[in-house]
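The residues of the chain are indexed from 1 along the displayed sequence. Atom set for the values below is all heavy atoms of this structure, side chains included, hydrogens, waters and symmetry mates excluded.
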Amino acid sequence: MSTTAATEPKLATISQATRDFIASPRTMLIDGEWRQARSGRTLPVMDPSNGQWLTSVPAGSSPDVDDAVAAARRAFEGGEWRKFRPVDRERLLLRLADEVEAHGDELAELECLDNGKSLALARRVDLKNTIEFLRYIAGWATKIEGSTVDVSFPRPRDGDYFAYTRKEPVGVVGAIIPWNFPLMMAAWKIGPALATGCTVVLKPAEETSLTALRLGELLLKVGCPKGVVNIITGEGPDAGAALASHPGIDKVAFTGSTEVGKLIGKAAMENMTRASLELGGKSPVIVLDDADPAAVIGGAASAIFFNQGQVCTAGSRLYVQKKLFDQVVDGIAGSAEKMKLGSGLDPTTQIAPLVSARHRDRVWGYIEAGKAQGARAVAGATRPEQPGYFVRPTVFVDADNSMSIVQEEIFGPVLVAMPFDDLDEIARKANDTPFGLGASIWSRDLSKVHRLIPKIKAGTVWVNCHNLIDPALPFGGYKQSGVGREMGRSVLDLYTENKSVCMAV
């Protein structure tokens, strides 16, 4: 059976607000004003479901970044933003969350059209997580605090000393976000920056800028002072590189591939700019022989095919103890073969298009490489004939850890399944990549699970589930999966400096 494609999709109705937003000229937000790129150049925005033009956005570059950084610096150093109390920042973010919720259908539609993802997924995951995170991080604005310290150093003169620490905003933040969850990633950067009192220059991915620009409109609507949040659209080598290396930036916050993250980190280090990097992954799904096969089949399929595999924690490596290997792989392959390809606007679609033609070709290159290196496809691995940037959900077996499809992040709906025998060796196999972002363990024996968890080098380990995130749980990785943690209380450390104060009294 081959993966089916939508022939007569029952497309959801796009709201007039979304149609108007796409039809009107898109501009960048700099110092509270909407403007075109200084060069006058634009970039096309394509519909991933059919490869057709949707709209255009400005092609920002270094001069635009200079303007945005200068505006963010002015807002940080003086003006209205400096007068915002912690409770004012909290209320600003809460108002923003309310506006995102009120315009939820429009934002979900923009995400679907721009990224290609399922409209239902955009509503259920992207939108809801954005709202919940903004409300969560808003609460931290009034809870950033230092501490008093009783000093013990030898006293050079008679008298007492009073010492304390205080948390201060790091300053101007250059935020660069990816295309797989554009709205949510924008919130992950803007939320903690505003909660801590920083100002922001946000550079969305060139493929998916629309929800970031709409979010900018909502920020102005809820009273965000000019220059506090600036949004520059443009390509990575132009706008992104200029932002990462800008001497006026105090901190770079990047989410994206490890390859680009290394370049961002090097550029930031030239100016000793603070940097947090949430990077790629190659997450193992480890199935022990006492696991529930039905739960594993559904869970492991979701772990890799969710959002077309365009997830940094996608469960792209499946390790199953031999007793269950054939049953689990057959179940996942059977599900993959039945999944329906189609537009994200079609409510019956199960696999939507990838974000771009370039990325589709990259993923297909890995599929070809896997076949050339000796892996065997038991599902997918054939090109769809329909227009759009589609890749069939693919399952490989007969692979080993040396293959590129096992070692490298594919960022598409491609699963590699491998059996194992020895429970003591599975941690070594699971850790045998440069990445360490996420992992999941599937078992009904919690004693085995608890012994295995400390051996897995990953920032998040799920048990009998995968790809679940919560605003209160820190998110980030080991090894080449990044530096620093998003979300939770930990994220505040990325946007603040810790100052020690000692005074003779």
Side-chain angles (χ1 to χ4, degrees), residues 21-22 24-43 45 54-76 81 92-93 96 99-100 103 106-107 110-111 114-115 126 130 134 172-179 181-194 198-236 238-244 246 248-249 251-256 495:
F21 185 86
I22 292 173
S24 60
R26 293 295 100 218
T27 48
M28 300 184 295
L29 179 60
I30 300 177
D31 204 16
E33 299 178 352
W34 295 97
R35 63 176 76 169
Q36 293 290 347
R38 283 184 175 269
S39 67
R41 294 178 53 244
T42 61
L43 298 173
V45 177
L54 273 176
T55 186
S56 297
V57 296
S61 59
S62 183
D64 305 295
V65 171
D66 289 341
D67 290 346
V69 172
R73 177 60 59 189
R74 288 192 299 271
F76 180 73
W81 184 239
L92 175 68
L93 287 167
L96 179 61
E99 285 296 319
V100 170
H103 295 274
E106 178 189 348
L107 287 163
L110 287 173
E111 207 79 317
D114 204 10
N115 170 273
D126 302 58
T130 297
L134 288 172
V172 177
V173 175
I176 303 173
I177 60 173
W179 45 255
F181 294 96
L183 178 65
M184 192 166 68
M185 293 296 102
W188 280 21
K189 300 294 188 279
I190 291 173
L194 298 191
C198 298
T199 58
V200 185
V201 179
L202 176 73
K203 210 294 281 185
E206 52 264 37
E207 298 91 346
T208 54
S209 300
L210 298 184
T211 49
L213 295 175
R214 187 68 181 100
L215 190 64
E217 293 181 345
L218 297 180
L219 277 159
L220 295 182
K221 181 179 180 181
V222 299
C224 186
K226 71 175 186 177
V228 172
V229 176
N230 307 269
I231 302 173
I232 299 290
T233 57
E235 295 181 305
D238 294 327
L243 186 58
H246 202 288
I249 292 291
K251 177 217 165 30
V252 173
F254 173 78
T255 297
Y495 293 84

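- Considering OG of S39 and CG of D64, their distance stands at 6.5 Å, rounded to 0.5 Å.
- Here the side chains of L215 and V229 are not in contact, with every heavy-atom distance at 4.5 Å or above.
- Of the inter-residue distances, the one linking R214 atom CZ with E106 atom CD reads 4.0 Å to the nearest 0.5 angstrom.
- Residues K189 and T255 have side chains that bring a donor and an acceptor to within less than 3.5 angstrom of each other.
- A heavy-atom distance below 4.5 Å is found between the side chains of M185 and P178.
- Shown here for G248 and R73, the closest heavy-atom pair between the two residues is O-NH2, 2.9 Å.
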**OP:** Begin with the C-alpha distance, continue with both residues' side-chain angles, and end with the deciding distance and a verdict on side-chain hydrogen bond (donor to acceptor under 3.5 Å, both in side chains) for Q36 and T27.
**Re:** CA-CA 5 Å; Q36 293 290 347; T27 48; 5.7 Å; no
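- Annotation for Y495 and A253: closest pair OH-CB, 3.6 Å, computed over non-hydrogen atoms.
- Among all heavy-atom pairs drawn from E111 and D126, the shortest one is OE2-OD2, 3.8 Å.
- Counting only heavy atoms from C-beta outward, the side chains of V69 and L243 approach each other to under 4.5 Å.
- Using a distance-only test at 3.5 Å, with no hydrogens or angles considered, a donor-acceptor pair links the side chain of K203 to the main chain of G234.
- Rounded to the nearest 0.5 Å, atoms CE (M184) and CD1 (I177) are 10.5 Å apart.
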Original post:
Can you list the steps and then say if M28 with W34 is a side-chain contact (heavy atoms from CB on, under 4.5 Å)?
Top reply: CA-CA 5 Å; M28 300 184 295; W34 295 97; 5.7 Å; no
Original post:
What do the steps show when you test R38 against D67 for salt bridge (Lys or Arg N to Asp or Glu O under 4.0 Å), and what is the final call?
Top reply: CA-CA 10 Å; R38 283 184 175 269; D67 290 346; 2.7 Å; yes
**OP:** Would you check, one step at a time, whether the test salt bridge (Lys or Arg N to Asp or Glu O under 4.0 Å) holds for R26 with E217?
**Re:** CA-CA 11 Å; R26 293 295 100 218; E217 293 181 345; 3.6 Å; yes
**OP:** For the pair V172 and V200, evaluate side-chain contact (heavy atoms from CB on, under 4.5 Å) and give the outcome as yes or no after the intermediate values.
**Re:** CA-CA 6 Å; V172 177; V200 185; over 6 Å; no
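- Residues P204 and S209 have side chains in contact (heavy-atom distance under 4.5 Å, counting atoms from C-beta outward).
- The two residues I231 and L213 have their closest heavy-atom pair at CG2-CD2, 3.8 Å.
- For the atom pair N115 CG and E207 CD, the distance stands at 9.5 Å (nearest 0.5 Å).
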**OP:** Report the C-alpha separation of H246 and D66 in whole Å, then their side-chain angles, then the decisive distance to 0.1 Å, and conclude whether the side-chain contact (heavy atoms from CB on, under 4.5 Å) test is met.
**Re:** CA-CA 8 Å; H246 202 288; D66 289 341; 2.9 Å; yes
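- T55 places a side-chain N or O within donor-acceptor distance of the main-chain N or O of I22, the cut-off being under 3.5 Å.
- Note that the CD1 atom of I190 and the CG atom of L134 stand 8.5 Å from one another [nearest 0.5 Å].
- Screening V228, L29, L194 against L219 for a side chain to side chain contact (heavy atoms under 4.5 Å, CB included) leaves a single residue, L194.
- Heavy atoms only, all atoms of each residue included: G60 and A239 are closest at O-CB, 3.6 Å.
- Two residues are said to be in side-chain contact when any heavy atoms from C-beta on lie closer than 4.5 Å; C224 and L92 meet this criterion.
- The shortest heavy-atom contact between G240 and I176 is O-CD1, 3.7 Å.
- Residues D114 and V45 are in side-chain contact: their nearest non-hydrogen atoms beyond the backbone lie under 4.5 Å apart.
- One N or O on the side chain of T233 and one on the backbone of P58 form a donor-acceptor pair closer than 3.5 Å.
- Proximity of a side-chain donor or acceptor of D238 to a complementary backbone N or O of E235 within less than 3.5 Å is not detected.
- In this structure, CG in L54 is found 9.5 Å from CG in L110, a value given to the nearest 0.5 Å.
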**OP:** Could you go through the side-chain contact (heavy atoms from CB on, under 4.5 Å) check for V201 and V173 one step at a time?
**Re:** CA-CA 6 Å; V201 179; V173 175; over 6 Å; no
